[in-house]
2 protein chains.
Amino acid sequence: MELRHLRYFKAVAENGGFARAARILRVAQSAISGQIHDLEEELGASLFDRAKRQIRLTYHGELFLKDAKTVLASPDCAHSAERYW
Amino acid sequence: MELRHLRYFKAVAENGGFARAARILRVAQSAISGQIHDLEEELGASLFDRAKRQIRLTYHGELFLKDAKTVLASPDCAHSAERYW
DNA sequence: TGAGGTTACGCCTATCGTAATAATG
DNA sequence: CATTATTACGATAGGCGTAACCTCA
């Protein structure tokens, strides 16, 4: 698992879809799809409910989103003006 | 920046050298050296003092180590038995 | 001279974009 | 028919190991 997985996952979760996340991150939909797939495989759990047209976070997805946000926001960079990432 | 950079950096810092970190992580020294180099370049600051034979954390290195540890320890995984990474 | 860090180089995997496909409203 | 997610596929980039080099006890 790498930070890229968390960034992509967070973008999808917060924007309600792969397509919108892809536009915002300026990558292809397929890149998002692949990374989310790998992430779900590594975690051994589905993160999104793909039944309907609009995806929804699963229970595991909700929990993992909290952790992802925590990680991505971790360093408050008291010693550095700009964010690390 | 990816989690790999943080893992390598933490290993070097906590084991007092690139060689020992490489042995523990089971990668080549050159892999460690390259990733630390990239990390320092991205941060725009040296993380280690290489003047003497044994390396030492710089001021920025000390600060960044705290952040790295925070990130790597972030998810307490209340909902999952095993660690994410 | 042996151990540690850096650099050069080639391999190999993984990520990416394009494009085609299926499904949904 | 427009939008969205998945999949196949080829190209590219990046991480890794090997090996050579330099430095220091």
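Distance CZ (A/Arg56) to P (D/dA5): 15 Å, rounded to an integer number of Å. Protein atom CD1 of B/Ile36 is 17 Å distant from nucleotide atom P of C/dG4, rounded to whole Å. Put simply, CG on B/Asp49 is 16 Å from C1' on C/dT6, counting in whole angstrom units. For the pair A/Ile32 CD1 and C/dA14 P, the computed distance is 19 Å after rounding to whole Å. The CD-P distance, from B/Glu42 to D/dG14, rounds to 12 Å in whole Å. The distance between atom CG of A/Leu25 and atom P of C/dT15, rounded to the nearest whole Å, is 15 Å. Whole-Å rounding puts the B/His37 NE2 to C/dG5 C1' distance at 12 Å. Straight-line distance from the CG atom of B/Asp38 to the C1' atom of C/dT6: 13 Å, rounded to whole Å.
In this structure, CD1 in A/Ile32 is found 10.5 Å from CZ in A/Arg4, a value given to the nearest 0.5 Å. To the nearest 0.5 Å, the span separating CG on A/Leu65 from CG on A/Leu57 amounts to 6.0 Å. To the nearest 0.5 Å, atom CG of residue B/Leu3 and atom CG of residue A/Leu3 are 3.5 Å apart. We find the CD-CG distance between A/Glu40 and A/Asp38 to be 9.5 Å, quoted to the nearest 0.5 Å. The CD1 atom of A/Ile36 sits 8.0 Å away from atom CZ of A/Arg50, with the distance rounded to the nearest 0.5 Å. In this structure, the separation between CG on A/Leu47 and CG on A/Leu39 is 5.0 Å, given to the nearest 0.5 Å.
By the 6.0 Å contact criterion, CZ on A/Arg56 is open, its count of non-hydrogen atoms from other residues, nucleotides or ligands being 12 or less.
B/Ala31 comes within 4.0 angstrom of sugar-phosphate atoms only, judged by non-hydrogen atoms across all strands, and of no base. Nucleic acid contact for A/Phe48: none, since no nucleic acid atom lies under 4.0 Å from a heavy atom of the residue.
Applying the 4.0 Å criterion to OP1 and OP2 of D/dT4, one finds that A/Arg23 has a side-chain N or O inside that range. Within the structure, a side-chain polar atom (N or O) of A/Gln35 is placed less than 4.0 Å from OP1 or OP2 of C/dT15. Contact between the side-chain N/O atoms of A/Ser33 and the OP1/OP2 oxygens of D/dT6 is found at a separation under 4.0 Å. For the pair A/Arg50 and D/dT4, the criterion of a side-chain N or O lying under 4.0 Å from OP1 or OP2 is not met.
At a threshold of 4.5 Å between non-hydrogen side-chain atoms, the residues B/Leu72 and B/Lys10 count as touching. Under the 4.5 Å side-chain criterion, counting only non-hydrogen atoms from C-beta, A/Val27 is in contact with A/Tyr8.
Shown here for B/Ala11 and B/Leu25, the closest heavy-atom pair between the two residues is CB-CD1, 3.8 Å.
With respect to A/Arg7 and B/Glu2, a salt bridge is recorded, a charged nitrogen being found less than 4.0 Å from a carboxylate O.
The end-to-end axis angle of the helix from C/dT1-D/dA25 to C/dG25-D/dC1, rounded to 10 degrees and based on five pairs per end, is 30°.
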Output a table of nitrogen or oxygen pairs between the protein and nucleotides 21-25 of chain D separated by less than 3.5 Å.
{"unit_1": "D/dC24", "atom_1": "O2", "unit_2": "B/Arg53", "atom_2": "NH1", "d": "3.0"}

Can you name the atoms? Protein N/O to nucleotides 8-10 of chain C N/O, anything below 3.5 Å, with the distance.
none

With 3.5 Å as the limit, what N/O pairs link the protein to nucleotides 9-11 of chain D?
none

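The backbone N or O of B/Met1 sits less than 3.5 Å from a side-chain atom of B/Glu42, completing a donor-acceptor pair. Between the A/Gln29 side chain and the A/Ala19 main chain, no donor and acceptor come within less than 3.5 Å of each other.
The stretch residues 12-21 of chain B touches DNA chain C through B/Gly17, B/Phe18, B/Ala19, each having a heavy atom within less than 4.0 Å of the strand.
Set against D/dG17, C/dG17, C/dT6, the side chain of B/Gln29 has C/dT6 as its closest nucleotide.
Under the rule for a ring pair (Phe, Tyr, Trp, His ring centres under 6.0 Å), the partners of A/Phe9 that lie at least two apart in sequence or sit in another chain are A/Phe48, A/Phe64.
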